[in-house]
Amino acid sequence: MTAKILGGKEVADAIKLEVAEEVRNLPFRPCLAAVRVGEDAASKVYVGNKVRTSEELGLISEYHHLSAETTQEELLDLVEELNRRDNVDGILVQLPLPKQINEKVVLEAINPEKDVDGFHPVNVGRLASGQNALVPCTPAGVIEILRYYDIGIAGKHAVIVGRSNIVGKPMAMLLLQNDATVTICHSRTKNLAEITSQADILVAAIGRAGFIRGEHIKQGATVIDVGINNFSDKDSAREFFDESEIENRLKTIEKRGFTLVGDVNPKEALEKVGAFTPVPGGVGLLTVAMLMKNTLDAAKHRRKIN
Ligand code: NDP
């Protein structure tokens, strides 16, 4: 059986197109305020990407970059100002924050109606109780991938490896809402392979390169790889990549010092899966698209537009 590759780009493009079209038809332009504190290199790339995509889709974006010495009080003052301003529809505070700032306090200070990352306890509670909520972008993107490729969720056994607030837990809630039978695994789970190999839909959100091996996967399963890890070990690259990929991957390591891999060993997965999201090119591409959708939804909801 040949595995179906569930590419994220066409799903993300379809969502972005829809958002851009809706934005064009609105009597106002939704505004996303993105806040970055300090000089974390990855955060700079992520926020830059979010701001650029907002502008491409016709949203207004504000970029607030604060110094690494910013105090919690100063950041909270900015969040308060953005909460108050009626023309701001979505607020995004990029994590991680410098160590003098308590992330939990800052995330809880964001008005839940503008919480486009979906991390505020009010949105977490709304999601858990099946109410209309702003939902974290990455797990929401996974649902969009499954829908786009017509992979049924209802009645399936979905196993998620990872229980973070950002990915694992909201992923479980969304799959449950879509009528899957859901199992959540984590670092204390015993006999992991025994459980994951029963999954019709297996979601890996662990943060360990290639952790999910062939033995973890049921023949014909749909495997969603949320992980994004840097991989630089040329010597073990042949354990990860098959003949069709290995040369390109080695070239990338040579050129950039690393290549991106997920939490699933792609070479072993491809021998068993029915469908599989690649890394790069899979779930990661959905996160920004879902942020745009959340900003549009937040704007419509606040302004009582259906
Ligand atoms: P966290 O580190 O917050 O959570 C990792 C989870 O994996 C924890 O629940 C942990 O269990 C579990 N885990 C760790 N080791 C094992 C193990 N040996 N066996 C079983 N479970 C284990 O990570 P995130 O949820 O934030 O991210 C997960 C991955 O997804 C990362 O690679 C990250 O880069 C990627 N990611 C990708 C995004 C995208 O846009 N595509 C967005 C966000 C994340 P425990 O709770 O017991 O410690």
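When a ligand or atom number is given, it counts from 1 through the structure's own listing order.
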Quick test of your reading of the structure: of [options], whose heavy atom lies closest to [atom]?
| atom | options | result |
| --- | --- | --- |
| atom 46 (O) of ligand 1 | M290, M171, R163, R208 | R163 |
| atom 7 (O) of ligand 1 | N165, V167, I206 | I206 |
| atom 6 (C) of ligand 1 | A205, S164, P280 | A205 |

#### Entry: Beyond-backbone contact of N165 with F119, side-chain heavy atoms, under 4.5 angstrom
no
Distance to 0.1 Å, residue and atom name: give those for the protein heavy atom nearest to [atom].
| atom | result |
| --- | --- |
| atom 17 (C) of ligand 1 | F211 CZ, 3.7 Å |
| atom 39 (C) of ligand 1 | T287 OG1, 3.6 Å |
| atom 42 (C) of ligand 1 | T138 OG1, 3.3 Å |

### Task
Answer side chain, backbone, both or neither: which part of V226 comes under 4.0 Å from ligand 1, heavy atoms only.
both
### Query
Stepwise, does the side-chain contact (heavy atoms from CB on, under 4.5 Å) test hold for I160 with T183?
CA-CA 6 Å; I160 302 145; T183 304; over 6 Å; no
### Message
Please confirm whether V161 approaches ligand 1 to less than 4.0 Å, judged on its heavy atoms.
### Response
yes
### Query
Among V19, L291, L32, V288, which one satisfies side chain to side chain contact (heavy atoms under 4.5 Å, CB included) with T53?
V288
### Task
For the pair F240 and F231, name the ring-plane relationship: parallel under 30°, tilted 30 to 60°, perpendicular over 60°.
tilted
### Query
Other than L134, which residues form its hydrophobic cluster under the rule that side-chain heavy atoms must be closer than 4.5 Å?
none
### Summary
Atoms of ligand 1 under 4.0 Å from any heavy atom of N229, numbered from 1 in the order shown, are 32 (O)
